[in-house]
Amino acid sequence: MNTDEFWNIIDSVHTLSGGDMNKKCKLLRERLNALKPDEFTDYIARFDEAELAAYTWPLWGAVFVWKGGCSDDAFSDFRATLISHGRSVYEAVLVNPESLSEVLYTNEVDACYEGFQYVHYNLAKEKLGAIPESKTCWPDEPSGEEWDEETVDDLYPILAAKFKLSQLPSKPWWRFF
């Protein structure tokens with residue numbers, strides 16, 4: 001399975017699901033179950049490659065600003081969810097993490113949905129008897145320049161302006177007293 005075939009599967013399940021993550025997982029499982037074993041293991045390798053390419057400090061910083069914080073587990077869930085949105089969204093966000101300001105999710109949970117990344121691993125246990133050994137070498141740290149929580153908003157002014165303002169209370173702070 002080449003990269004285009006991988007993204008065709010992702011794009012089709014995203015489109016058919018209407019963006020619903022539970023439906024997306026179900027559709028993905030059906031598509032993967034129909035693959036031959038070598039195609040299936042190639043899919044897993046392509047998924048790992050896409051997840052690794054998104055394992056960057058700049059993307060994590062953008063998600064941190066967008067969500068008002070982001071643990072390493074949530075960032076892992078986010079990367080899988082980002083992949084689930086298809087090739088064009090994925091590639092746009094990797095090129096410009098601030099384009100997250102234009103990505104719409106159906107609800108807050110969907111942004112860091114825990115589960116899409118497990119579909120192929122759970123199916124591998126059933127279909128292959130075990131999860132294939134990854135060919136991807138995972139680094140200890142994301143690539144790119146690390147950011148500081150105190151100044152990360154400065155790196156992503158569009159996200160900070162859009163999402164910090166939307167988190168303000170509906171009435172001025174002095175009216176709470």
Side-chain angles (χ1 to χ4, degrees), residues 6-7 10 13-14 17 19-26 28-29 32 43-125 131-169 173:
F6 166 80
W7 284 112
I10 299 293
V13 298
H14 176 68
S17 72
D20 179 282
M21 291 302 294
N22 290 324
K23 288 180 186 176
K24 217 180 270 195
C25 290
K26 182 179 184 244
L28 179 63
R29 182 179 171 83
L32 296 179
Y43 169 91
I44 294 171
R46 298 294 85 74
F47 191 95
D48 287 350
E49 289 168 6
E51 194 172 10
L52 178 61
Y55 189 50
T56 70
W57 282 113
L59 183 55
W60 196 348
V63 177
F64 187 92
V65 171
W66 177 46
K67 300 289 294 162
C70 184
S71 68
D72 56 348
D73 285 343
F75 186 51
S76 177
D77 295 340
F78 169 80
R79 292 191 315 271
T81 304
L82 177 63
I83 293 167
S84 85
H85 277 73
R87 189 176 203 167
S88 62
V89 170
Y90 170 86
E91 289 177 347
V93 169
L94 288 191
V95 168
N96 177 14
E98 276 207 301
S99 66
L100 284 173
S101 66
E102 299 170 17
V103 175
L104 300 177
Y105 291 92
T106 56
N107 62 52
E108 279 296 303
V109 175
D110 284 354
C112 296
Y113 182 87
E114 184 177 12
F116 190 79
Q117 68 270 41
Y118 301 125
V119 172
H120 55 270
Y121 292 129
N122 292 336
L123 185 58
K125 289 176 191 173
I131 299 170
E133 187 174 325
S134 179
K135 298 172 187 173
T136 303
C137 181
W138 283 91
D140 292 333
E141 294 286 322
S143 64
E145 191 172 327
E146 189 173 356
W147 40 267
D148 179 270
E149 287 184 26
E150 301 300 320
T151 59
V152 70
D153 286 2
D154 299 338
L155 299 173
Y156 305 97
I158 296 169
L159 287 167
K162 184 172 183 176
F163 292 101
K164 296 296 180 183
L165 290 176
S166 68
Q167 296 171 16
L168 291 175
W173 64 270

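Here the structure is a predicted model, which means the values were calculated and not measured.
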Would you tabulate the side-chain donor-acceptor contacts of residues 152-160 under 3.5 Å, counting partners in other chains and residues two or more places apart, or write 'none'?
residue : atom : partner : partner atom : Å
Tyr156  : OH   : Pro58   : O            : 2.7

Problem set entry | Atom pair CZ (Arg29) and NZ (Lys26), whose distance is rounded to the nearest 0.5 Å | 11.0 Å
Exercise. Is there a side-chain contact between Phe116 and Asp77 (heavy atoms, below 4.5 Å)?
Worked result: no
Exercise. By side chain to side chain contact (heavy atoms under 4.5 Å, CB included), which residues pair with Lys125, not counting sequence neighbours?
Worked result: Asn122, Ile131
Problem set entry | Non-hydrogen atoms of Ala92 and Ser99 that approach each other most closely | O-OG, 3.4 Å
Seminar exercise, completed: Sequence neighbours excluded, the answer for side chain to side chain contact (heavy atoms under 4.5 Å, CB included) partners of Glu91 is Arg87
Problem set entry | Spacing of Gln117 atom CD and Asp48 atom CG [to the nearest 0.5 Å] | 11.0 Å
Problem set entry | Geometric class of the Trp60/Phe75 ring pair [parallel <30°, tilted 30-60°, perpendicular >60°] | parallel
Seminar exercise, completed: One should read off an interatomic distance between Phe78 CZ and Leu59 CG, to the nearest 0.5 angstrom, of 5.0 Å
For this session: Look only at the side chain of Thr136 and the backbone of Trp138, and say whether a donor-acceptor pair between them is shorter than 3.5 Å.
Result: no
Seminar exercise, completed: All heavy atoms of Ala124 vs all of Pro132, minimum pair found to be CB-CD, 4.0 Å
For this session: Using atom types as modelled and distance alone, determine if a side-chain donor or acceptor of Glu49 lies under 3.5 Å from a backbone N or O of Phe47.
Result: no
Seminar exercise, completed: To the nearest 0.5 Å, atom NZ of Lys24 lies from atom OG of Ser17 at 4.5 Å
Exercise. Rounded to the nearest 0.5 Å, how far does CG of Leu28 lie from OG of Ser84?
Worked result: 9.5 Å
Seminar exercise, completed: The ring pair (Phe, Tyr, Trp, His ring centres under 6.0 Å) partners of His14 (sequence neighbours excluded) come to His85
Exercise. Does Tyr43 have any ring pair (Phe, Tyr, Trp, His ring centres under 6.0 Å) partners at least two apart in sequence or in another chain, and if so, which?
Worked result: Phe6, His120
Exercise. By ring pair (Phe, Tyr, Trp, His ring centres under 6.0 Å), which residues pair with Trp7, not counting sequence neighbours?
Worked result: Tyr90
Exercise. Under 3.5 Å, is there a donor-acceptor pair between the side chain of Thr81 and the main chain of Tyr113?
Worked result: yes
For this session: For Ile83 and Glu51, run side chain to side chain contact (heavy atoms under 4.5 Å, CB included): C-alpha distance rounded to whole Å, both residues' side-chain angles, the deciding distance at 0.1 Å, then the answer.
Result: CA-CA 7 Å; Ile83 293 167; Glu51 194 172 10; 4.1 Å; yes
Problem set entry | Verdict with supporting geometry, Trp57 and Phe64, side chain to side chain contact (heavy atoms under 4.5 Å, CB included) | CA-CA 10 Å; Trp57 282 113; Phe64 187 92; over 6 Å; no
